[in-house]
Amino acid sequence: DAGVIQSPRHEVTEMGQEVTLRCKPISGHNSLFWYRQTMMRGLELLIYFNNNVPIDDSGMPEDRFSAKMPNASFSTLKIQPSEPRDSAVYFCASTRMGTGKFFGPGTRLTVL
Amino acid sequence: AQSVTQLDSQVPVFEEAPVELRCNYSSSVSVYLFWYVQYPNQGLQLLLKYLSGSTLVKGINGFEAEFNKSQTSFHLRKPSVHISDTAEYFCAVSEGTSYDKVIFGPGTSLSVIP
């Protein structure tokens, strides 16, 4: 299995631009999570899905952030418009009952 | 609400020496406990987990952790570290017995010195 796949690995954009991060979970996993990691705040859960349905989005910082999971093999995290304070590493993780989370390699986002 | 404390932000240790990374949590209910490792520029990888049963849990790469309910601790240990163990280590606790909502600690940076 290829593990959790995230793209792009690095993204540099200018303030105000739309950013879309992509994630392909491990096949057979029914839960998917989006995390953000920064030096100041550590690892924060943004949103998670069970069976493609958003369960808890209380960690999403504001309305500029949105996430979708149109099917079991794909999810997106969108920031529109982006701001410099959104700069962070964004991780996607997937799991199925009884396992720990499997994390992707992350997307390093820099907003100038 | 649950919280996780990792008392040591940085732990330097010489190669082949033992190491203990400390983790304490606060919760009034039963929880699941996890340790993850993050190598530079990579995602987190599960080292081990405690769900129930034996309080001594063995994980990958020679690591083990012991669950102590009375002290609400879940310290990570390895009897002899290698250079390749240099990484960031995160303790995590579930919200109740849920696999989904997991709270991560701030992390401990382990540096193995040759």
Side-chain angles (χ1 to χ4, degrees), chain A residues 1-10 21 23-26 29-60 69 88-109, chain B residues 1-10 21 23 25 31-53 57-61 63-65 67 74 76 87-109:
Chain A
D1 197 320
V4 176
I5 299 172
Q6 290 187 249
S7 65
R9 293 293 309 275
H10 301 273
L21 311 181
C23 175
K24 177 179 168 54
I26 292 173
H29 284 191
N30 62 340
S31 294
L32 182 140
F33 307 78
W34 282 100
Y35 288 89
R36 177 171 67 176
Q37 186 179 37
T38 62
M39 287 293 292
M40 293 297 295
R41 301 171 72 93
L43 201 62
E44 304 172 277
L45 176 64
L46 300 178
I47 184 172
Y48 76 92
F49 298 82
N50 274 351
N51 298 317
N52 313 338
V53 177
I55 302 300
D56 187 342
D57 65 354
S58 60
M60 297 285 262
M69 192 165 186
V89 180
Y90 291 81
F91 288 103
C92 176
S94 70
T95 187
R96 66 172 189 266
M97 182 66 72
T99 72
K101 292 180 174 58
F102 290 78
F103 283 77
T107 295
R108 183 174 295 278
L109 173 64
Chain B
Q2 280 86 343
S3 66
V4 182
T5 303
Q6 291 182 247
L7 295 171
D8 307 302
S9 60
Q10 295 184 342
L21 306 182
C23 173
Y25 67 94
V31 296
Y32 298 147
L33 295 157
F34 309 82
W35 275 99
Y36 286 84
V37 60
Q38 184 178 28
Y39 298 104
N41 299 314
Q42 295 186 26
L44 281 73
Q45 179 182 1
L46 181 67
L47 269 180
L48 48 80
K49 61 182 184 287
Y50 171 79
L51 305 180
S52 65
V57 181
K58 293 189 183 298
I60 62 172
N61 301 342
F63 283 93
E64 64 180 31
F67 169 55
F74 191 55
L76 182 71
E88 191 88 9
Y89 291 80
F90 293 89
C91 181
V93 61
S94 64
E95 287 197 359
T97 51
S98 163
Y99 290 98
D100 295 332
K101 295 210 73 172
V102 173
I103 309 299
F104 285 83
T108 296
S109 178

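All values derive from a computational prediction rather than experimental measurement. Throughout, a chain's letter reflects where its sequence line sits, starting with A, and its residues are numbered from 1.
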With a 4.5 angstrom heavy-atom cut-off, could you sort out which part of [X] is near chain B: side chain, backbone, both or neither?
X: A/Gln6; answer: neither
X: A/Arg41; answer: neither
X: A/Ser58; answer: side chain

Go through A/Val89, A/Asn50, A/Ile55 and name the one with the most non-hydrogen pairs under 4.5 angstrom from chain B.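 The candidate making the most pairs under 4.5 Å is A/Asn50.
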Minimum-distance pair of heavy atoms, taken over all atoms of A/Tyr35 and B/Val102: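 Closest pair (atom of A/Tyr35, atom of B/Val102, distance): OH-O, 4.4 Å.
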For the student: nearest non-hydrogen atoms of A/Arg9 and B/Asn41, plus distance: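 Heavy atoms only, the tightest pair is NH2-O, 3.6 Å.
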List the steps and the verdict of side-chain contact (heavy atoms from CB on, under 4.5 Å) for A/Phe91 and B/Gln38. CA-CA 12 Å; A/Phe91 288 103; B/Gln38 184 178 28; 3.2 Å; yes
Give, for atom CZ of B/Phe90 and atom CD of A/Gln37, the distance between the pair rounded to the nearest 0.5 Å.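 Rounded to the nearest 0.5 Å, the CZ-CD separation comes out at 4.5 Å.
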